[in-house]
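These notes are about the structure you will find just below.
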Protein chains: 2
Amino acid sequence: MPEELQRAKAPSIRDVARLAGVSHQTVSRVLNNHPSIRPETKQRVLDVMERLQYKPNRAARALVTSRSRTIGILSASSTQYGPASSIAAIEEAARASGYWVSTANIESVDARSIADGLAHLAAQGIEGLVVIAPQVRVFDTLAQLSIDVPYVSLQSTGRDPDHALSVDQIAGARMATRHLIGLGHRSIYHLAGPQDWIEAEARMRGFLEEMSAQDVPTTAPILGDWTADFGYWAGRELLTVRDFTAIFASNDQMALGLMHAVRDAGLEIPRDVSIIGFDDIPEAAHFWPPLTTVRQDFAELGRRCVALLLGDIEDWPDDQGGTIVPELIVRDSTGRPAF
Amino acid sequence: MPEELQRAKAPSIRDVARLAGVSHQTVSRVLNNHPSIRPETKQRVLDVMERLQYKPNRAARALVTSRSRTIGILSASSTQYGPASSIAAIEEAARASGYWVSTANIESVDARSIADGLAHLAAQGIEGLVVIAPQVRVFDTLAQLSIDVPYVSLQSTGRDPDHALSVDQIAGARMATRHLIGLGHRSIYHLAGPQDWIEAEARMRGFLEEMSAQDVPTTAPILGDWTADFGYWAGRELLTVRDFTAIFASNDQMALGLMHAVRDAGLEIPRDVSIIGFDDIPEAAHFWPPLTTVRQDFAELGRRCVALLLGDIEDWPDDQGGTIVPELIVRDSTGRPAF
DNA sequence: TCTCGGCATGTGCACGGTCACATTCGCCGG
DNA sequence: CCGGCGAATGTGACCGTGCACATGCCGAGA
């Protein structure tokens, strides 16, 4: 029997050291590629590592360095396209830099859930935090738990510019609004997102800014919840009066729901009503009609987010910072008003 | 000055022990709620913990117990609704059981990316693995890397029943197909998913089974890639011949693309063509027309997945196992064929 | 020739928990 | 009155790494 009780335990640096005929510290030096090591010694150690299938023990290293090399993500809506894309990009970028990513998804955004999620991440000793959730509440909780790590919010905000990163939501919202006004619309509603999402607030702000900049009378925005269901419901309500020619929805899902309601009412898009969305989810090009919207590069956002965070963690020089400019994608759901 | 150099370091069990006037081992016993400990002692220790804001150090514990309490997720399409929902549910269930979740998203499914992702998770000492990706390749790689942890695949498969968990894809596909046949369709195409996704294969199998069970002549399935773009493209191709009255798309996104192509060709759904999808993403109810589809409970899937995995890790008795039955959701995209 | 400095390497301890094995003490049965 | 047992607690080692410091060696400069 050539191999007996194989399922022993993983080799440690001392095992490697013994077989390579060096001290464990030399092995450690090879691992952290310390300069002062003779090439032949290094090679010998590397050979043994290969032979033994040696893998460094993360826990041991974390214990002694008190560095977890883990980034936490607190997300409130990870099933949506935008957040999910950013999360994937974050994970990838972090992995490329030798970091791990641990997520805490919270389904409701009450204080309790937020605290649970944050505590869970904190217990893991995260070195950085990415927040994709209504920030106001999260940051309050963050302060209460006295968690003190670099953090970045994946949203736009005026309050906390050092820690925010985002596609320029205001610019995007202004683009969308300008597009509608440019087509001749003067009665435009805005279907906003939940107001504790700074993202939603920024889009609303952009809408209002552009409306007043162009001297178009403004209507009160309607506060939604990002879902297509809400869009549908809001659309039905709005159509009972029908005092508008265009609607700017704060995301593509709500735009979809709106279009559904408009068609249900026997109206045509864009002949009777123009609709514009926000995000450019991959499906938007295939809606009926294909949706005019504002594209955000979520993946780029995720990557920059990691760069910002790691810059903070590892004390890199100033990052390029800045916001990402969104792009207006004109399709068929917007047109000139009928009258 | 009452508080000087506060930013010291986190308290350890020895700090707690000292202030509570007990040994560090007693503190450890409190942490692991060992039975033999006097209630008053326990309370004293707990009080000190509270006062010091003591938090156990995960790395130290992992080092000595050689248990990471971490579950890894390897995902190839985390931005899609289904996988994202399952991931969120997994994370939540794991957290409730005191486990952490670490994800590795791979954008391409080549051997290299898979190996990278798995190595990354392995380096972390995961105790269980969830795979949401084309399994064939993944499991080959898994074997090669000699990673030896309990794993579960979130898909249906005949090959590896002990490690798979899923909504019963075959049953769902048969439901969808039966629905079309029941409406009177006899020329039905199937737009399948990528064939190395066992999920896709199972749906295709269900389609073929039902077709032959009902003696309906079968056409060769078209192999897609899950995207709406592909659905649109495939739809255009199919419509150049137009020898069908219904299409069963393997997911809702492809169904959306198909509907787009059908409308582009000046046809009406379901009058000229019936279309049925799979998944019931939240948007499906607002497509035009609202999509008939097969609903999967992704969240339940994620929860059961964790139960299965933890059962394996912690040596629980047999789990309830079994598959989850999907549900046919009839909306307006399917109807009787015109002739 | 001796000292000094830098390179290559080794020695021992610390990190913060848990585990195996004492130790103390009170109580009970013979 | 003594031995034994179990409850409650303490002692020291150990997990796998990295760090501070020591050591030996070799070459250069005094």
Side-chain angles (χ1 to χ4, degrees), chain A residues 7-46 48-49 52-70 98 100 122-127 314, chain B residues 7-46 48-49 52-70 98 100 122-127 314:
Chain A
R7 193 136 326 294
K9 75 187 156 199
S12 75
I13 50 169
R14 284 170 219 268
D15 298 322
V16 174
R18 196 172 334 108
L19 269 85
V22 297
S23 75
H24 69 101
Q25 177 58 13
T26 300
V27 177
S28 173
R29 288 197 179 94
V30 171
L31 280 174
N32 301 287
N33 54 340
H34 185 98
S36 298
I37 212 163
R38 230 180 332 155
E40 62 200 67
T41 311
K42 180 168 184 174
Q43 192 53 52
R44 192 149 34 98
V45 171
L46 288 174
V48 177
M49 283 181 176
L52 256 48
Q53 290 254 50
Y54 169 79
K55 302 263 172 18
N57 181 316
R58 188 162 98 98
R61 185 174 286 175
L63 176 58
V64 68
T65 58
S66 52
R67 296 211 35 199
S68 65
R69 295 189 76 85
T70 299
W100 282 273
Q124 195 166 177
I126 55 169
E127 292 185 49
E314 315 217 335
Chain B
R7 190 133 333 288
K9 74 188 153 196
S12 76
I13 51 168
R14 286 164 222 269
D15 298 323
V16 174
R18 196 173 333 110
L19 268 87
V22 295
S23 76
H24 66 103
Q25 177 58 9
T26 300
V27 177
S28 174
R29 288 197 179 92
V30 171
L31 279 176
N32 300 286
N33 53 340
H34 186 98
S36 298
I37 211 162
R38 230 181 330 155
E40 61 199 69
T41 311
K42 180 169 183 172
Q43 193 51 54
R44 192 150 34 99
V45 171
L46 288 174
V48 176
M49 283 181 176
L52 256 48
Q53 289 254 51
Y54 169 79
K55 302 263 171 19
N57 180 316
R58 187 162 98 99
R61 185 174 287 173
L63 175 59
V64 67
T65 59
S66 53
R67 296 211 35 199
S68 65
R69 295 189 77 85
T70 299
W100 282 273
Q124 196 166 177
I126 55 169
E127 292 185 51
E314 316 218 335

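A quick note: this is a predicted structure, and the numbers were derived from the prediction, not measured.
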Touch class at under 4.0 angstrom, heavy-atom based, for Lys55(B) against every strand present: sugar-phosphate

Sugar-phosphate, base or nothing in reach of Ser66(B), heavy atoms under 4.0 Å: nothing

Phosphate-side-chain proximity, Arg61(A) and dG18(D), N/O vs OP1/OP2 below 4.0 Å: yes

Thr41(A) side chain near dA8(C) phosphate (N/O to OP1/OP2, under 4.0 Å): no

Partners passing side chain to side chain donor-acceptor pair (under 3.5 Å) against Thr65(A) (at least two apart in sequence or in another chain): none

Which residues share a side chain to side chain donor-acceptor pair (under 3.5 Å) with Arg67(B), sequence neighbours left out: Tyr99(B), Glu127(B)

Rounding to a whole Å, what distance do you find between [X]:[atom1] and [N]:[atom2]?
X        : N       : atom1 : atom2 : value
Ile13(A) : dT11(C) : CD1   : P     : 13 Å
Asp15(B) : dA14(C) : CG    : C1'   : 14 Å
Arg18(A) : dG10(C) : CZ    : P     : 14 Å
Arg44(A) : dT9(C)  : CZ    : C1'   : 11 Å
Arg58(B) : dT18(C) : CZ    : P     : 14 Å
Asn57(A) : dG16(C) : CG    : C1'   : 14 Å
Leu63(A) : dA14(C) : CG    : C1'   : 9 Å

Heavy-atom side-chain contact between Ser28(A) and Gln25(A) under 4.5 Å: yes

Met49(A) side chain reached by Leu31(A) side chain, heavy atoms, under 4.5 Å: yes

Polar side-chain atom of Asn32(A) near backbone of His34(A) as donor-acceptor pair, under 3.5 Å: no

Side-chain (Arg44(B)) to main-chain (Ala20(B)) donor-acceptor, under 3.5 angstrom: yes

Any donor-acceptor N/O pair under 3.5 Å between dG17(C) base and Arg14(B) side chain: yes

Thr70(B) and Arg58(B): side chain donor to acceptor below 3.5 Å: yes

Sub-4.0 Å heavy-atom contacts from residues 21-40 of chain B onto DNA chain C, ordered by number: His24(B), Gln25(B), Ser28(B), Asn32(B)

